[in-house]
Asks: 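Quick one: structure below, then a few questions.
Order of appearance sets the numbers: ligands from 1, and atoms from 1 within every ligand. Remember, it's a predicted structure, so these values are computed and weren't measured experimentally.
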Amino acid sequence: MRIGEACRAAAAQLRTAGVPDPAWDSGQLMSRVTGLAPLMARLSERELTAKEAAAFDALVQRRLQREPLQNILGTQDFCGRSFAVDGRVLIPRPETELLAERAVRALQDFGSGAHALDLCCGSGCLGITLALEVPSAQVDMADLSEDALAVTRKNAERLDAQVSLLRGDLWDAVDARQYQLIVSNPPYIPDEDCLALQTEVMREPLMALKGGTDGLDFYRRIAAGLRKHLLPGGVLLLEVGFDQAERVAELLRAAGCETACHEDYQHILRMVEARWA
Ligand code: GLN
C-alpha cells in the first residue's frame, strides 16, 4: 500500500472508533514511522515497506484503543520544548503554558538565587521550564508519585535542567523549606466528574486529576501551608478548573493573601495569583 493511502485508511478506522481528530492523528503516527512530515506522509505516493506497515499498524491499534496520541508518540511540546510523557503523568496542556509564562516573569523579578517550587510536578513541565528560563534560580520539584518523579527526572536529564526532586504528600515533600515563588497545577477535577471524563483522559493517572468532592481539596491544603512555605513578598501561582477561580481566590484571601485571577486562551479564569496582603 502507498503511504498516503495507508494514512487515509487508518484515519477512516480511527474516525469509526470515535477518535476526535483522525486525519491529524494518522498523519502524526505515519510521520513517526516514515520520518516524513505529517502532511507529506498524507500525500505520499511511495509504497510502504513491510516493516513500516507493521510498525504503523501497531501504533494505529494503540490509538484505536484510545491511548492518548502524545503517549504513543512519547512526547508533548510545552513552552517550545519537547517533554517525554507516558501513562505515569498528566499530559501537559496548552493553557498551562500561560501559567509557566507568568511564573517565569515572576521568578525573573526576584533576581538571582531565588527559590522556586513546582508542587505536584508530574511530567515536570512547569518547574523545568522555570529552571531553564531562569538559570540563576533554584528550583525544587515535588510530587507524591514515585512514578511521576521518574518522568520528571527523565525530562530534567533530557533537557539538561538543574532541579531538585522531592517526594512527599504535598507540603510534606518540602519539610520546612521556604520559597519566593510557588507554582502548582494540582489535581482539581471533582471526584464525581472523574467518572465521566473523555476516553483519553481516563487513560491519564487519576491521581493527577482527582481533587476531592468539590475539586478544591488541594487548594485548601495549599492555602493551609502557605504561612510556613511562602516567603514574605513571595508569589503563589495556581492553575484552577474552569469554574473554580473565585472560590480558590476566596480561600487564599481567607489565608491572608491578596489575589488576582487571569484568563486562559478561551477567556476562562484559569489562574489564581496570590501574594501576602
Ligand atoms: N505540573 C504538571 C502539569 O501541569 C502535572 C500536573 C498534575 O499532575 N496535576 O502538567
Side-chain angles (χ1 to χ4, degrees), residues 68-71 74-104 107 116-133 139-156 158-159 161 163-171 173-174 179 181-191 193-194 197-198 200-212 215-222 236-242 244 248 262 264-265 268 270-273:
L69 179 69
Q70 294 92 332
N71 289 351
T75 57
Q76 169 64 44
D77 283 356
F78 185 85
C79 290
R81 297 185 180 89
S82 170
F83 284 78
V85 292
D86 59 36
R88 294 176 292 180
V89 293
L90 188 84
I91 298 165
R93 304 296 204 267
E95 56 270 26
T96 307
E97 293 184 332
L98 293 170
L99 188 71
E101 284 164 19
R102 273 185 192 275
V104 165
L107 191 53
L117 170 67
D118 176 0
L119 254 187
C120 308
C121 60
S123 64
C125 59
L126 285 168
I128 290 173
T129 300
L130 284 176
L132 292 172
E133 295 296 326
V139 181
D140 288 348
M141 321 222 3
D143 207 290
L144 172 59
S145 160
E146 196 78 69
D147 273 352
L149 283 174
V151 181
T152 315
R153 185 172 299 109
K154 183 172 169 182
N155 279 316
R158 176 186 166 98
L159 295 164
V163 293
S164 304
L165 269 49
L166 305 166
R167 187 182 167 268
D169 191 4
L170 209 69
W171 294 119
V174 303
Y179 299 93
L181 174 75
I182 299 171
V183 64
S184 183
N185 176 21
Y188 56 64
I189 300 179
D191 290 350
D193 296 355
C194 287
L197 297 167
Q198 193 205 1
E200 280 78 4
V201 182
M202 298 238 202
R203 305 287 292 269
E204 297 188 79
L206 194 58
M207 192 180 158
L209 299 166
K210 208 169 174 289
L216 304 183
D217 282 5
F218 284 83
Y219 302 112
R220 278 186 280 269
R221 294 175 60 198
I222 288 172
L236 170 72
L237 278 165
L238 299 172
E239 180 169 315
V240 298
F242 74 97
Q244 295 172 337
V248 172
H262 308 290
D264 66 12
Y265 301 108
I268 292 168
R270 182 62 73 184
M271 290 161 273
V272 178
E273 176 172 357

Asks: Could you find the nearest protein heavy atom to atom 8 (O) of ligand 1 and give me its residue, atom name and distance?
Replies: A208 CB, 3.3 Å
Asks: Considering only non-hydrogen protein atoms, determine which one is nearest to atom 2 (C) of ligand 1 and report residue, atom name and distance to 0.1 Å.
Replies: C121 O, 3.4 Å
Asks: Any idea which protein heavy atom is nearest atom 7 (C) of ligand 1, and the distance to it?
Replies: N185 O, 3.4 Å
Asks: Could you tell me the residue and atom name of the protein heavy atom closest to atom 5 (C) of ligand 1, and the distance to it rounded to 0.1 Å?
Replies: C120 O, 3.6 Å
Asks: Please give me the minimum heavy-atom distance between L149 and D143, naming the atom from each residue.
Replies: CD1-O, 3.7 Å
Asks: Side chain, backbone, both or neither: which applies to T96 and ligand 1 if a contact is any heavy-atom pair less than 4.0 Å apart?
Replies: side chain
Asks: Considering the options T129, N155, T75, which one meets the side-chain contact (heavy atoms from CB on, under 4.5 Å) requirement together with R81?
Replies: T129
Asks: Look at the rings of F83 and F78 and say which category their plane angle falls in: under 30° parallel, 30 to 60° tilted, over 60° perpendicular.
Replies: perpendicular
Asks: Roughly how far, to the nearest 0.5 Å, is OG of S123 from NZ of K154?
Replies: 11.5 Å
Asks: When you compare the side chain of L144 with that of L170, does any pair of heavy atoms fall below 4.5 Å?
Replies: no
Asks: Just to be sure I'm reading this right: ignoring hydrogens, which of A100, G122, C125, P186 gets closest to atom 3 (C) of ligand 1? Compare them by their nearest heavy atoms.
Replies: C125
